[in-house]
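Remember, it's a predicted structure, so these values are computed and weren't measured experimentally. Indexing begins at 1, ligand by ligand and atom by atom, following the structure's order.
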Amino acid sequence: MQIKYLGTAAAEAIPALFCHCAICEQARQKKGKEIRARTNVLIDELMIDFSPDAFYNMVRYDLDYGKLEHLLITHSHVDHFDAAELVMRNPGVYSNGLGNRVLHLYGNAMVGKVFKKISEIDNQGQAIAGIQFHELTYGVPVRCGSFTVTALKANHKPDEDAMIYLLEKEGKHVLYAHDTGELDPSVYAYLKQQHITLDFVSLDCTCGKLNCRDGHMGFENMLKVRDRLKPYFKTNTTVAVSHFSHNGKLSHSELESICQKHGIAPTYDGIVFAI
Ligand SMILES: [Zn+2]
Ligand SMILES: [Zn+2]
Ligand SMILES: [Zn+2]
């Protein structure tokens, strides 16, 4: 399994579009790994989230969205679900040569609502042909391509069923936890009940140096969660961190040095993990 981080920032990106803070200014100067697009990953053929940087990612990583068949959305915040870009899949108007291929879109009820709304606004009230929405429920596994995917409760955006995902493929398990604060007790309970051992965990680290328990996590909060997840680890489980905000006051170079002390894998745009 290959996990590619297309983007690793929180909603405003780094440098943030309208910001002059120290983190954004150093990113503008140094560039390279200090530049972060909005959080979005590709795990083999499965994409998680569709960020406002979809076009930028397509060009810089040579992605072919026309071949994409499975798109999981974590929640309806616009940095994770830029629904308007999906209108561009409309065949014969904005896209060509897709044949009968269907893009399966998975998410909670709010994601379904946003997708329907954007079809109404930007597509003359018509559903977008070739995209099929599937509503997910916490704790109920579904098949997505070569993966079995289970949505679990995120500690984030309580006005909808925000989701983190447990992915299984060929006996390997990935816990993808963006966006979330310290994990909901139901997540540990599910791992225990299902006797899951994790090969790879991606944890929210939005708040960097700050303390943040709910909604998102700071580095120290993330370490607490990592420790609580240890009973579900193998000897070689990788723990990576992502979804960084400039407000967390961590440059990538600083992040690398604190991650090294704690055995955590820092992410940057374009990094690939093979598990
Ligand atoms: Zn986010
Ligand atoms: Zn800034
Ligand atoms: Zn969010």
Side-chain angles (χ1 to χ4, degrees), residues 5-42 47-54 56-57 71-85 106-115 136 138 151-165 175-184 187 202-210 212-219 221-222 225 240-255 267-269:
Y5 285 77
L6 308 175
T8 54
E12 62 285 323
I14 297 178
L17 274 78
F18 299 95
C19 188
H20 289 155
C21 81
I23 290 293
C24 293
E25 295 295 45
Q26 66 86 35
R28 283 189 182 93
Q29 260 189 4
K30 286 193 193 165
K31 302 189 170 45
K33 293 175 185 172
E34 300 292 342
I35 303 282
R36 298 183 188 275
R38 272 56 70 94
T39 291
N40 206 154
V41 298
L42 188 61
M47 184 169 279
I48 306 185
D49 290 333
F50 205 64
S51 87
D53 300 307
Y56 173 48
N57 290 337
L71 175 58
L72 277 173
I73 304 295
T74 52
H75 61 300
S76 71
H77 274 153
V78 78
D79 54 320
H80 297 261
F81 186 40
D82 189 355
E85 293 287 41
Y106 309 84
N108 65 26
M110 181 64 92
V111 167
K113 215 167 137 180
V114 169
F115 179 58
L136 300 182
Y138 292 145
L152 298 172
K153 185 174 168 54
N155 170 5
H156 189 74
K157 202 172 187 295
D159 60 340
E160 67 180 85
D161 284 351
M163 292 169 166
I164 60 172
Y165 288 117
L175 182 65
Y176 182 81
H178 305 283
D179 297 347
T180 186
E182 291 183 19
L183 299 183
D184 188 82
V187 176
S202 188
L203 292 176
D204 190 292
C205 201
T206 308
C207 308
K209 289 178 180 170
L210 311 180
C212 185
R213 233 190 69 187
D214 295 310
H216 289 292
M217 289 188 269
F219 196 86
N221 308 83
M222 177 279 298
V225 168
V241 285
S242 189
H243 197 277
F244 299 99
S245 165
H246 58 161
N247 295 323
K249 299 182 172 27
L250 263 181
S251 66
H252 183 74
S253 54
E254 262 186 293
L255 174 74
T267 62
Y268 53 85
D269 288 16

Side chain to side chain contact (heavy atoms under 4.5 Å, CB included), that's the test. Do Y165 and L72 meet it? Break it down for me. CA-CA 9 Å; Y165 288 117; L72 277 173; 3.8 Å; yes
So E254 and K209, salt bridge (Lys or Arg N to Asp or Glu O under 4.0 Å) or not? Walk me through it. CA-CA 10 Å; E254 262 186 293; K209 289 178 180 170; 2.8 Å; yes
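When the N, O or S atoms of H246 are ranked by distance to the Zn ion (ligand 2), ND1 comes first. Nearest N/O/S atom of H80 with respect to the Zn ion (ligand 1) is recorded as NE2.
Checked against the 6.0 Å centroid threshold, H178 and H216 do not count as a close aromatic pair.
Inclusion of C21 in the first shell of the Zn ion (ligand 2) is supported: an N, O or S atom falls under 2.8 Å.
Atoms OD2 of D79 and NE2 of H243, as seen from the Zn ion (ligand 1), are separated by an angle of 100°, to the nearest 10°. Geometry note: the Zn ion (ligand 3) is the vertex, D179 OD2 and H156 NE2 are the arms, and the angle is 100° (rounded to 10 degrees). Taking the Zn ion (ligand 3) as the corner point, the angle from H75 atom NE2 to H77 atom ND1 is about 90° (rounded to 10 degrees).
Of the residues listed (H156, R38, K157), the one engaging H77 in a side-chain hydrogen bond (donor to acceptor under 3.5 Å, both in side chains) is H156, and it is the only one.
Between F244 and R36 there is a side-chain heavy-atom pair separated by less than 4.5 Å.
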